[in-house]
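Structure record follows, encoded as structure tokens.
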Amino acid sequence: MTILVTGARGNVGRAVLEELVAAGQDVRAASRDATSLDVPDGVAKVSADLEDASTLDTALAGVSAVFLYTRPQGIEGFVKAAEAAGVGHVVLLSSAATLEPQSAQSRIARLHHAVEQALAAAPFASTVLNPGAFATNTLGWRADIAEGVVRTAYPDSKIGAVHERDIAAVAARILIDGSHVGEALALTGPEPISFREQAAVLADVLGRPLPVEELTPEQAAERMTALGWPPEVPPEILRAWARTSREPSLVTDVVREVTGRAPRTFRQWAEDHRTDFA
């Protein structure tokens with residue numbers, strides 16, 4: 001059984017590779033340009049573009065299961081190529097945005113939902129992972145932390161920040177045992193934690209004070225746009241932060257249910273990523 005991991009250059013994709021290798025699986029890593037892809041020993045590399053079906057035949061040859069990143073452009077081509085290759089199960093990394101009541105008005109949700117729908121109609125089995133806020137989003141604070149401060153709008157927004165290794169552990173378990181077919185799994189960390197509390201944890205782990213400077217929503221949107229976010233996305237994110245300032249994000253126990261162990265805390269994530277803030 002060969003398992004293909006797309007998006008192998010990403011934080012979650014790399015962690016999925018490591019989980020599968022540790023479990024003794026035959027793994028193939030895919031990226032648009034695999035020549036410079038850094039993978040664990042024993043992992044085969046293949047170049048594949050999810051938006052170009054002509055690149056998928058080689059990547060999917062002999063593959064029984066796929067860890068798939070969301071790419072709305074080209075999903076029809078992927079489904080056809082996966083069917084032709086005899087793929088039996090696809091585990092999709094989607095977003096909790098598709099589970100929100102107002103998802104129809106969300107650009108983020110629409111993009112992910114298009115892929116979810118395509119897989120639901122496909123002739124092979126699929127499982128959707130819907131993680132909430134990634135703990136890795138705080139890596140966006142690195143430049144501010146280098147200046148000794150954390151800048152954010154809605155610092156008291158409480159989110160269920162999830163460790164990328166927990167997402168990967170859930171994905172790997174499902175890819176190996178073929179469970180949770182047809183399900184959508186909402187993944188979170190163990191508890192809601194505010195941006196202010198995250199800053200305090202990072203200050204403790206890094207051993208230096210990190211006061212929080214509150215930005216206006218307009219200032220935060222400008223910073224996001226400057227980082228390359230599509231202009232319609234920051235308002236969606238900021239509305240979510242405003243909402244979770246009033247009512248903390250819900251958390252689930254799905255990580256424990258699938259893997260048999262508790263999800264990692266934000267402190268564990270901060271300790272794992274200490275060197276990223278050096």
Side-chain angles (χ1 to χ4, degrees), residues 11-12 70 93-113 116 128-142 144-145 149-167 170 184-205 210-225 227 229-257 262-270 273:
N11 289 316
V12 178
T70 293
L93 180 60
S94 187
S95 167
T98 65
L99 305 178
E100 295 290 333
Q102 301 300 318
S103 62
Q105 284 74 51
S106 164
R107 180 182 185 273
I108 298 171
R110 289 196 302 271
L111 292 175
H112 287 277
H113 192 54
E116 292 182 12
V128 177
L129 305 185
N130 297 103
F134 286 29
T136 51
N137 290 346
T138 55
L139 293 175
W141 293 348
R142 281 181 291 190
D144 288 341
I145 286 175
V149 67
V150 167
R151 299 183 178 95
T152 183
Y154 302 106
D156 296 307
S157 170
K158 283 182 172 282
I159 60 173
V162 59
H163 197 305
E164 70 276 6
R165 296 213 67 90
D166 285 333
I167 301 171
V170 169
L185 304 177
L187 307 181
T188 73
E191 60 185 356
I193 181 170
S194 71
F195 298 139
R196 195 183 304 277
E197 290 166 335
Q198 290 179 46
V201 169
L202 285 169
D204 188 48
V205 168
L210 289 173
V212 175
E213 178 182 310
E214 184 169 359
L215 302 176
T216 67
E218 293 75 19
Q219 289 171 323
E222 287 176 6
R223 285 161 63 96
M224 293 177 189
T225 302
L227 290 172
W229 291 81
E232 62 271 28
V233 171
E236 289 185 22
I237 294 173
L238 291 164
R239 283 194 295 271
W241 291 356
R243 184 178 67 253
T244 51
S245 293
R246 302 185 300 270
E247 181 180 341
S249 293
L250 295 176
V251 295
T252 73
D253 206 30
V254 171
V255 171
R256 188 196 305 270
E257 292 166 1
R264 295 167 173 88
T265 64
F266 182 78
R267 179 173 291 273
Q268 288 174 286
W269 180 90
H273 288 270

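For this chain, numbers begin at 1 and follow the sequence in order.
Of the inter-residue distances, the one linking Arg246 atom CZ with Tyr154 atom OH reads 8.0 Å to the nearest 0.5 angstrom. A distance of 11.0 Å separates CG of Leu187 from OG of Ser95, quoted to the nearest 0.5 Å. Atom OG1 of Thr138 sits about 7.0 Å away from atom CD1 of Ile145, to the nearest 0.5 Å. Taken from CD in Glu213 to CG in Asp144, the straight-line distance is 8.0 Å, to the nearest 0.5 Å. In this structure, His163 NE2 and Asn11 CG are separated by 10.0 Å, a value rounded to the nearest 0.5 Å. Taking NE2 from His273 and CZ from Phe266, the interatomic distance works out to 9.5 Å, rounded to the nearest 0.5 Å.
In terms of heavy-atom proximity, Ala97 sits nearest to Ala109 at O-CB, 3.5 Å. Scanning both residues, Ala199 and Trp141, for their nearest heavy atoms gives N-CZ3, 4.1 Å. Pairing each heavy atom of Gly160 with each of Val251, the nearest pair is CA-CG1, 4.1 Å. Nearest heavy atoms, Val162 versus Gly132: CG1-O, 4.4 Å. Across every non-hydrogen atom of Ala133 and Ile159, the tightest pair is CB-CD1, 3.5 Å. The nearest pair of heavy atoms linking Thr244 to Ser249 is CG2-OG, 3.2 Å.
With hydrogens and angles ignored, the 3.5 Å screen pairs no side-chain donor or acceptor of Glu222 with any backbone N or O of Gln219. Although no hydrogens or angles enter the test, the distance criterion places a donor-acceptor pair under 3.5 Å between the side chain of Thr252 and the main chain of Ala186. In terms of modelled atom types and a separation under 3.5 Å, the side chain of Arg142 and the main chain of Leu139 share a donor-acceptor contact. Remark: the backbone N or O of Arg243 is not paired with any side-chain donor or acceptor of Ser157 at under 3.5 angstrom. Checked by atom type and distance alone, the side chain of Ser194 pairs as donor or acceptor with a backbone atom of Glu197 at under 3.5 Å.
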Go through Arg165 and Gln268 one step at a time and tell me if the side chain to side chain contact (heavy atoms under 4.5 Å, CB included) criterion holds.
CA-CA 11 Å; Arg165 296 213 67 90; Gln268 288 174 286; over 6 Å; no
Dump the intermediate steps for side chain to side chain contact (heavy atoms under 4.5 Å, CB included) on Leu185 and Glu257, then the final yes or no.
CA-CA 11 Å; Leu185 304 177; Glu257 292 166 1; over 6 Å; no
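Two residues are said to be in side-chain contact when any heavy atoms from C-beta on lie closer than 4.5 Å; Pro131 and Leu93 meet this criterion.
Glu232 CD: more than 12 foreign heavy atoms inside a 6.0 Å radius.
Between the side chains of Glu116 and Ser94, at least one donor-acceptor pair of N or O atoms lies under 3.5 Å.
Between Val255 and the choices Ile167, Thr188, Asp166, the side chain to side chain contact (heavy atoms under 4.5 Å, CB included) rule is met once, by Asp166.
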